[in-house]
Amino acid sequence: MGYGRTMDTLSVVTAAAALITGMTLPAGVWRVLAYRSGQVDHTPGMRNVAILALGLGVASAAVLVACVVLLATRT
């Protein structure tokens, strides 16, 4: 009596990329919009955090697209 299916590495990477994209891309966009809002109360690292979150979100979205294509073309 065992488990019928196990997750392979591609499935795990796809799930991780989906989680990271879902968490960092909206936060990055939100921080960039807040930074560019023109308010005078910027914290010193706000721009750096916005760039980091947006960069991580875009990179993980690219990995997610590649993994989904690989999963879809796998036989």
Side-chain angles (χ1 to χ4, degrees):
M1 183 169 197
Y3 296 105
R5 295 181 60 151
T6 60
M7 288 185 72
D8 59 343
T9 306
L10 185 58
S11 298
V12 172
V13 171
T14 304
L19 285 172
I20 294 169
T21 301
M23 290 170 41
T24 59
L25 196 59
V29 170
W30 189 260
R31 288 212 175 253
V32 167
L33 289 175
Y35 179 75
R36 293 183 164 259
S37 68
Q39 298 295 324
V40 295
D41 58 347
H42 292 309
T43 57
M46 187 174 183
R47 180 177 172 265
N48 295 335
V49 171
I51 291 171
L52 177 69
L54 195 58
L56 251 152
V58 169
S60 64
V63 170
L64 179 61
V65 168
C67 287
V68 167
V69 168
L70 287 173
L71 281 173
T73 59
R74 181 166 70 168
T75 56

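One is the number of the first residue; the rest follow in order along the sequence. The figures that follow rest on heavy atoms only: side chains count, while hydrogens, waters and symmetry mates do not.
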If you look at every heavy atom in [X] and [Y], which pair is closest and at what distance?
{"X": "Ala17", "Y": "Ser60", "answer": "CB-O, 3.9 Å"}
{"X": "Thr14", "Y": "Cys67", "answer": "OG1-CB, 3.1 Å"}
{"X": "Thr21", "Y": "Ala61", "answer": "OG1-N, 3.3 Å"}
{"X": "Met46", "Y": "Tyr35", "answer": "CE-N, 3.6 Å"}

* To do: Check which hydrophobic residues are tied to Val68 through side-chain heavy-atom contacts below 4.5 Å, counting indirect links as well, and list them.
  =>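 Grouped by the 4.5 Å side-chain rule, Leu64 form the rest of the cluster around Val68.
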* **Apart from Leu54 itself, residues in the same hydrophobic cluster as defined by side-chain heavy atoms under 4.5 Å** =>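 Its cluster partners, ordered by chain and number, are Leu25, Val29, Val32, Leu33, Val58.
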* Provide the full list of ring pair (Phe, Tyr, Trp, His ring centres under 6.0 Å) pairs with a residue in residues 46-74, sequence neighbours left out, each pair given once. =>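 The answer is none; no pair qualifies.
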* Could you grab the distance from atom CG of Leu10 to atom CG of Leu71, nearest 0.5 Å is fine? =>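 Output value for this atom pair is 4.0 Å.
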